[in-house]
There are 2 protein chains.
Amino acid sequence: MFERSPAERPMPTSTIEDYLKAIYAEQLARPGERVTTGRIAEALSVTPGTATSMMKTLANAGLVSYEPYGGVTLTGAGEALAMRVLRRHRIVELFLVEVLGMDWSEVHPEAERLEHVVSEKMLERMDALLGRPTFDPHGDPIPTARGDVATTDHPSLLTCEPGRHRVARVLDQSADFLRRLDRCGVVPGEVATVGARDDDGPVVVETTSGRHAFDRAAAAQILVEPVQDPATRS
Amino acid sequence: MFERSPAERPMPTSTIEDYLKAIYAEQLARPGERVTTGRIAEALSVTPGTATSMMKTLANAGLVSYEPYGGVTLTGAGEALAMRVLRRHRIVELFLVEVLGMDWSEVHPEAERLEHVVSEKMLERMDALLGRPTFDPHGDPIPTARGDVATTDHPSLLTCEPGRHRVARVLDQSADFLRRLDRCGVVPGEVATVGARDDDGPVVVETTSGRHAFDRAAAAQILVEPVQDPATRS
DNA sequence: GTAGATTTTTTGAGTAGTCAAAACTTCGGG
DNA sequence: CCCGAAGTTTTGACTACTCAAAAAATCTAC
């Protein structure tokens with residue numbers, strides 16, 4: 001079968017880093033459940049068979065625990081590695097926005113490539129220059145060098161109370177979606193007033209740039225934090 | 001054999017970019033001569049057979065002209081691509097030194113990886129932030145976006161006249177060598193006084209940090225530019 | 001101008017990652 | 001409880017890159 005040797009640690013390939021990131025993301029999205037090979041294949045746009053064979057490779061390297069027909073979970077080593085990649089990704093994204101003045105809608109694919117090649121040294125320099133940041137431009141928390149992430153627990157536009165909220169985090173990072181949010185003024189840090197919702201209509205939000213409607217799928221991607229606003233408090 | 005199809009241009013791999021860079025460097029070092037597969041193998045630390053087979057791949061892609069047993073030369077397309085890589089490499093190096101404050105002795109390997117992944121957009125931002133620079137931290141000229149390089153023609157410490165010179169360029173970019181130059185104050189922009197040379201002894205140089213001797217191999221790596229110094233002119 | 005050394009090319013094989021499609025599990029419904 | 005749908009794994013094949021070692025070409029020296 002797939003013999004699990006004591007195994008050297010021969011520098012993970014960027015493909016392996018991508019798989020670990022994907023598994024981590026799935027694990028976050030559905031806590032407790034094992035991640036199926038099907039979901040991984042979907043997330044990485046590979047065929048199911050490819051994902052299966054990579055799971056064996058990962059299991060062999062001690063990065064996931066894999067049960068045939070039973071999905072995978074990250075091991076300690078796998079999660080640690082995923083965190084290191086995520087840290088690189090998010091610091092790079094923030095760097096691209098803050099230092100190079102790139103748009104938050106375009107930094108994701110760039111970071112997707114850079115995360116595999118920036119050295120520890122370069123990362124440290126970026127981190128220092130940015131002032132040891134804790135969140136990236138999309139509001140995603142940046143893991144510490146030791147591998148700890150802040151687990152935030154914000155409601156989305158779909159689940160929050162009506163009223164004033166500060167945009168905290170945007171989950172969908174496709175360029176089109178982010179550009180649309182830009183035009184609406186719905187970006188992390190900005191305040192938006194969420195109108196009364198009916199149970200399956202769009203969510204209506206008011207910002208400095210006017211009123212905007214989001215369908216339920218879009219609304220679920222936008223996480224917010226209620227604003228303590230004395231003037232509006234009942 | 002190796003059929004030369006009209007050929008699509010399916011995004012060069014980083015391996016291909018590395019081969020083109022190496023061929024370009026060899027071509028510069030010995031102008032006019034065709035580059036042998038042996039030199040390429042040496043430069044990239046692969047076996048001769050690997051270099052040969054890659055030359056066929058490159059020839060097939062229209063990037064080099066390859067004559068069995070007769071070496072290669074870059075085609076127009078090959079040289080254009082080499083220039084694009086070199087431009088990325090050198091802008092990245094300068095960026096790492098100027099913006100991230102890294103040491104000139106450590107940026108080469110970092111740039112070696114980054115050059116394959118930075119987007120045109122990111123490169124443009126770095127270029128702008130650096131003020132459209134024309135030389136990198138080692139004194140290497142930065143190709144323009146259109147692919148033109150300044151061809152400088154400086155003597156080395158081995159071939160220059162005795163007297164005052166400004167360090168213009170350092171060819172050997174190994175970390176150890178560059179750190180040594182740092183300690184000697186022999187870095188691009190600094191002025192050094194070259195002593196009388198005998199025909200096969202070391203070259204002695206005086207800088208603000210004192211007198212330093214370089215063996216002939218080292219001296220050949222350091223290119224200089226005579227300083228017009230009225231006080232010293234005969 | 002040929003023998004021996006050197007260099008280059010070929011051959012055969014291996015690793016990492018991928019796909020298409022066949023084979024196999026598992027699970028939900030009747 | 002068993003059957004078909006859905007999901008998973010296996011198989012065989014392909015690309016890009018690599019090495020080791022055998023074979024071929026070229027160069028050098030006498």
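Protein chains get the first letters and strands the later ones, always in sequence-line order, with residue 1 at the start of each. What you see is a predicted model; the values in this text were computed from it and never measured.
- Contact between the side-chain N/O atoms of B/Tyr69 and the OP1/OP2 oxygens of D/dA23 is not found at any separation under 4.0 Å.
- Atom CG of A/Asn60 and atom P of C/dA16 are 10 Å apart (whole Å).
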Nucleotide N/O of nucleotides 18-22 of chain C paired with protein N/O under 3.5 Å:
unit_1 : atom_1 : unit_2  : atom_2 : d
C/dT18 : OP2    : A/Tyr19 : OH     : 3.2
C/dC19 : OP2    : A/Thr47 : N      : 2.9
C/dC19 : OP2    : A/Thr47 : OG1    : 3.2
C/dC19 : OP2    : A/Thr50 : OG1    : 2.8

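- Checked for salt-bridge contact, B/Glu124 and B/Arg132 meet the test: a charged N lies under 4.0 Å from a carboxylate O.
- In this structure, A/Arg34 contributes its side chain and A/Ser65 its backbone to a donor-acceptor pair below 3.5 Å.
- Between A/Thr57 and C/dA16 there is no side-chain polar atom (N or O) within less than 4.0 angstrom of OP1 or OP2.
- The interatomic distance linking A/His116 (NE2) with C/dG17 (C1') rounds to 14 Å, in whole Å.
- Residues from residues 26-39 of chain B with heavy atoms under 4.0 angstrom of DNA chain C, sorted by number: B/Thr36, B/Thr37, B/Gly38.
- Distance A/Asp18 CG to C/dA16 P: 17 Å, rounded to the nearest Å.
- Here the closest heavy-atom approach between residue A/Pro141 and residue A/Arg90 is recorded as O-NH1, 2.7 Å.
- A side chain to side chain donor-acceptor pair (under 3.5 Å) with A/His116 holds for exactly one of A/His89, A/Arg88, A/Glu17; it is A/Glu17.
- In this pair, A/His138 and A/Trp104 present their aromatic rings parallel. The plane angle is below 30°, not in the 30 to 60° band.
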* Asked: Which is it for A/Gln27 and A/Thr73 under the side chain to side chain contact (heavy atoms under 4.5 Å, CB included) test, yes or no, and what are the steps along the way?
  -> CA-CA 8 Å; A/Gln27 228 166 250; A/Thr73 49; 3.9 Å; yes
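- The distance between atom OH of A/Tyr66 and atom C1' of D/dT10, rounded to the nearest whole Å, is 10 Å.
- For B/Asp148, the side-chain hydrogen bond (donor to acceptor under 3.5 Å, both in side chains) partners are B/Arg146, not counting sequence neighbours.
- In this structure, the NZ atom of B/Lys56 is 15 Å from the C1' atom of D/dT18, given to the nearest Å.
- A straight line from CD1 of B/Ile16 to C1' of D/dT18 spans 14 Å, rounded to a whole angstrom.
- Across all non-hydrogen atoms, the minimal contact from A/Pro188 to A/Pro137 is CG-O, 3.5 Å.
- Whole-Å rounding puts the A/Ile40 CD1 to C/dG17 C1' distance at 16 Å.
- Between A/Arg125 and B/Gly101 the shortest heavy-atom distance is NH1-O, 2.9 Å.
- Checked against C/dT9, C/dG17, D/dT8, the side chain of A/Thr52 finds its nearest nucleotide in D/dT8.
- To the nearest angstrom, P of D/dA16 lies 15 Å from CE of B/Met11.
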